[in-house]
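Reviewing the structure listed below.
Index from 1, following the sequence. All heavy atoms count here, side chains included; hydrogens, waters and symmetry mates do not.
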Amino acid sequence: MNGEKALSLQKVISEIASGIVRGIHTAIPAVVDSYNHKKMLCNARPSINTTFDDGIVVATPMIYNIPVLFPRSKNASITFPLEKGDSVLLIFAERSLDEWIEKGGNRISPEDPRRHDMSDAIAIPGCFHAGAGKLPSSDSDLEIQYGDQYINIKKDKSIEIKATLRVIIDAPSVELGGKTMDPTDGCVTGKCSCAAYGVPHPVVSTKVKAKMV
């Protein structure tokens, strides 16, 4: 009889512990449903459902107003478009984020005592399943890609830039090879469209301050 009571107590404790663990959320991949770039908040649905011990599967709900984590400081940032269908990794805060998202600041005292709750998510872009998303073209270059445009800083110390339309450098001077040159002196060159018709001639564009040949 005592053995049966011990097994029953062990089962109860095990079920309680399992229930506590199920309420602790850590990280999970998710798919973006919408993104507000002005507030840098997204709505996303976790990609993996919840499966219980009895085999019941419950679809995970949409999570709203999730802060998106891009590398940023007060005066600098690296950002890119985030669209519906993009994948992110959701990590879940130890405390409620409601007051912090709304007001920011330090020493925030959450009104809700919840911990590790699914509603307190932060999204990190780029968590795609194997082979999906924008893939690198090289395993040795530092790459920035957007559509079919890219900037590749190569291992051999060269830099390759591909632009679909044009490259704009807005600066009073351009330094090439350690020497500073005035753009009107021809440090930027190109070909005039007249060359296509067999009448090439030197042209200076006052708009872009570049000597055309």
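- Closest of all the heavy-atom pairs between Gln145 and Leu135 is NE2-O, 3.0 Å.
- To the nearest 0.5 Å, atoms NE2 (His116) and NE2 (His25) are separated by 10.5 Å.
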Let's go through Ile108 and Arg95 carefully: what are the C-alpha distance in whole Å and the side-chain angles of both, what is the deciding distance for side chain to side chain contact (heavy atoms under 4.5 Å, CB included) to 0.1 Å, and is it a yes or a no? CA-CA 10 Å; Ile108 299 297; Arg95 306 286 186 182; over 6 Å; no
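- In this structure, CD1 on Ile144 lies 12.0 Å from CD on Gln149, to the nearest 0.5 angstrom.
- Residues Val32 and Ile48 share a single hydrophobic cluster, defined by chaining ILVMFWY side chains whose heavy atoms lie under 4.5 Å apart.
- Side-chain atoms of Thr79 and Met40, non-hydrogen and from C-beta on, do get closer than 4.5 Å to each other.
- With sequence neighbours excluded, no residue satisfies ring-ring contact (aromatic ring centres under 6.0 Å, His included) with Tyr35.
- No chain of hydrophobic side-chain contacts below 4.5 Å, direct or via other Ile, Leu, Val, Met, Phe, Trp or Tyr residues, connects Ile159 to Ile168.
- Between Met118 and Phe92, the shortest heavy-atom distance links the atoms O-CE2, 3.4 Å.
- Take Asn152 and apply the side-chain hydrogen bond (donor to acceptor under 3.5 Å, both in side chains) test, not counting sequence neighbours, and it matches no residue.
- Shown here are the side-chain hydrogen bond (donor to acceptor under 3.5 Å, both in side chains) partners of Ser77, two or more places apart in sequence or in another chain: there are none.
- Residues satisfying the side chain to side chain contact (heavy atoms under 4.5 Å, CB included) criterion with Pro136, sequence neighbours excluded, are Glu143.
- Asn75 is linked by a side-chain hydrogen bond (donor to acceptor under 3.5 Å, both in side chains) to nothing, counting only residues two or more places apart in sequence or in another chain.
- Ala30 is linked by a side chain to side chain contact (heavy atoms under 4.5 Å, CB included) to Ala44, Val88, Leu90, counting only residues two or more places apart in sequence or in another chain.
- Listed by chain and number, the residues in a side chain to side chain contact (heavy atoms under 4.5 Å, CB included) with Lys84 are Asp33 (sequence neighbours excluded).
- Under the side-chain hydrogen bond (donor to acceptor under 3.5 Å, both in side chains) criterion, Asp117 pairs with Ser119, not counting sequence neighbours.
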Anything under 3.5 Å between a donor and an acceptor, one on a side chain of residues 55-70, the other on a protein residue two or more places apart or in another chain? List them.
| from | atom 1 | to | atom 2 | distance (Å) |
| --- | --- | --- | --- | --- |
| Thr60 | OG1 | Pro46 | O | 3.1 |

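- Of all the heavy atoms in Ile91 and Ala27, the pair that sits closest is CG2-CB, 4.1 Å.
- The heavy-atom pair separating Phe80 from Pro125 by the smallest distance is CZ-CB, 3.9 Å.
- Listed by chain and number, the residues in a salt bridge (Lys or Arg N to Asp or Glu O under 4.0 Å) with Arg114 are Asp98, Asp112, Asp120 (sequence neighbours excluded).
- Lys134 places a side-chain N or O within donor-acceptor distance of the main-chain N or O of Gly147, the cut-off being under 3.5 Å.
- The hydrophobic cluster around Leu165 extends to none of the other residues, as no ILVMFWY side-chain heavy atom falls under 4.5 Å of it.
- Between atom CG of residue Leu82 and atom OG of residue Ser34 there is a gap of 10.0 Å, rounded to the nearest 0.5 Å.
- For Ser158, the side chain to side chain contact (heavy atoms under 4.5 Å, CB included) criterion is met by Lys154, Asp156, not counting sequence neighbours.
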